[in-house]
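I have placed the structure first, in the form of structure tokens, so that the comments after it can refer back to it.
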Amino acid sequence: MIRHITKLGLTIVVIVILIVIGIGGLTHDAAHDTMNPSKHRSHLKLKERIPSTHDGIDLFMKTEHTNTYTIDMIIPVTKSEIVNDEVEQWIEKEKQAFIDNILEDAIDQASFELSVVIEQESNHYDRFIFQVDIKKDKSEATQQKKVFNIDLEEGKVLSLNDFLNVNDQVLHSLLDKAIELLEQREEITIDENTRQAIHASKDSWEWFVNHKGLSVIFDGNAIAESKHMPLRIDMPFQALYLLVVDNIDTYIHLSDIQKTEIEVAIQKEEERVLEAKREQKKREQEKAEAKRKQEESTKPTHAKYVALTFDDGPSAEVTPRVLSILKEYNAKATFFMIGTQVDYYPHVAKQVADAGHEIANHTEQHQDLSKLGPAGIRQQVSRTSDKIFNATGVRPYLFRPPYGAYNKNVINDAANNGNSIILWSVDSLDWQSRNATAINREIEQTIAPGSIVLMHDIHSTTADALPQLMKTLQQDGYQFVTVSQLLDIQELNGVGPFYGHYK
Ligand code: NI
């Protein structure tokens, strides 16, 4: 027995060497064998206790010799029944598999040798690393390892999760990494079936953890034809820092440097995760912003909408001209009609309505409403409303006071009767200039998306100005809608009811 005690006095490695030859004689009852008709009937002669340097662990030697095989085992027995049961169950299973596979007509004796290395990592972590050497007839000897990671204080067999936080996904990637390292070192390619078998069964590989890292032991016999020995892959601790459980100290003793490195690694990882979250949030915000912009760009207001309005008509000559130009541009406009004009030209009023334009109220006699009382205002508005309704079948709810003159009474009347007072934001001054070029210049200088343009369909110069105006505005991207449509669009975009200039 060789005993190593590290500086810390924590890791004791005991190598138990089988010396079965010397004690074979004590256990082998040759006489009995010859008398026994069954080849495989054997004698478990002994439970020879051998000295152990480990507190709480006894070592027993068991041998079993028949004329077809020999079994020599060294079995550690702890104070924990649970641990002992697990260990014994595994040994029994291995032994039975060995016996079941012995060839009946074997010439040479088969042998099964079980040895164990006990490594003490800490008070809470011992491991039994069993080695099984099997020799069958003329076939090549095989060797396998089995590791029991044990907490003797608690009397339990430890799982990998007692050391590392590994879910299935992490475990698979660890195994993939180990397989990759194995392939590189052994210069072999592990076929897909074997690879899958490794991933599928936790019994297909062994492991232990120490301060150097995680060691994975593969069964060479299962890996490749040419391999008969266990294949161990060591994965450095640095690669596992983020997986280490909080209480790793319970099981293995890490240096202060390692502890610091773990803290730094975890901190870095936390920062990385935070940064990734920030990045993710940023991307989401950018995406939302792009989406918002996209939506805005398709919103009506951000297209360039304008409402052309024609006051004081209908007139016999100009209104039909205006209608025909609007039609040419597939444009819709709003006509603020005077009651007396509707009396004169009801058919023109009807034409306007039939063409899909909006008809609105501009009072009966174009009086300054601010100089009238509530009753006078009501009469001016309601009579016109009736006239328009009679002529066109449509009752107007938009109302524009003549001269843009209004006061509280006007507002009250509109409010009480469900009318909206509509002024304008662009004055073409067509009534003043009576000049097509001047009209266009005036409008083009002041127009903006969402404008309500004031014109009059009683001046021929206004109709003269219209073709060029429409052409220019259309080229500029404007679309021509009625006032109601424009207000709907405004409202859709959070702009409230409209009672005046908003430019
Ligand atoms: Ni007017």
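Counting starts at 1 for both ligands and their atoms, in listed order. As the structure is a prediction and not an experimental result, all values here were calculated from the model.
- Taking a cutoff of 4.0 Å between a charged side-chain nitrogen and a carboxylate oxygen, K227 and D219 do not qualify as a salt bridge.
- Residue pairs meeting the side chain to side chain donor-acceptor pair (under 3.5 Å) criterion with at least one member in residues 152-161: none, sequence neighbours excluded.
- Stacking of K146 on the aromatic ring of F130 is not recorded, the 6.0 Å distance cut-off and the 45° axial limit not both being met.
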**OP:** Could you please spell out the steps behind the side chain to side chain contact (heavy atoms under 4.5 Å, CB included) verdict for K387 and E364?
**Re:** CA-CA 9 Å; K387 285 174 180 178; E364 188 178 28; 2.6 Å; yes
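- Inside a sphere of radius 2.8 Å centred on the Ni ion (ligand 1), the protein N/O/S atoms present are D312 OD1, H362 NE2, H366 NE2.
- In this structure, F163 and Y251 have tilted ring planes: the angle between them lies in the 30° to 60° band.
- For Y397, the OH atom is loosely surrounded, since the number of other residues' heavy atoms within 6.0 Å does not exceed 12.
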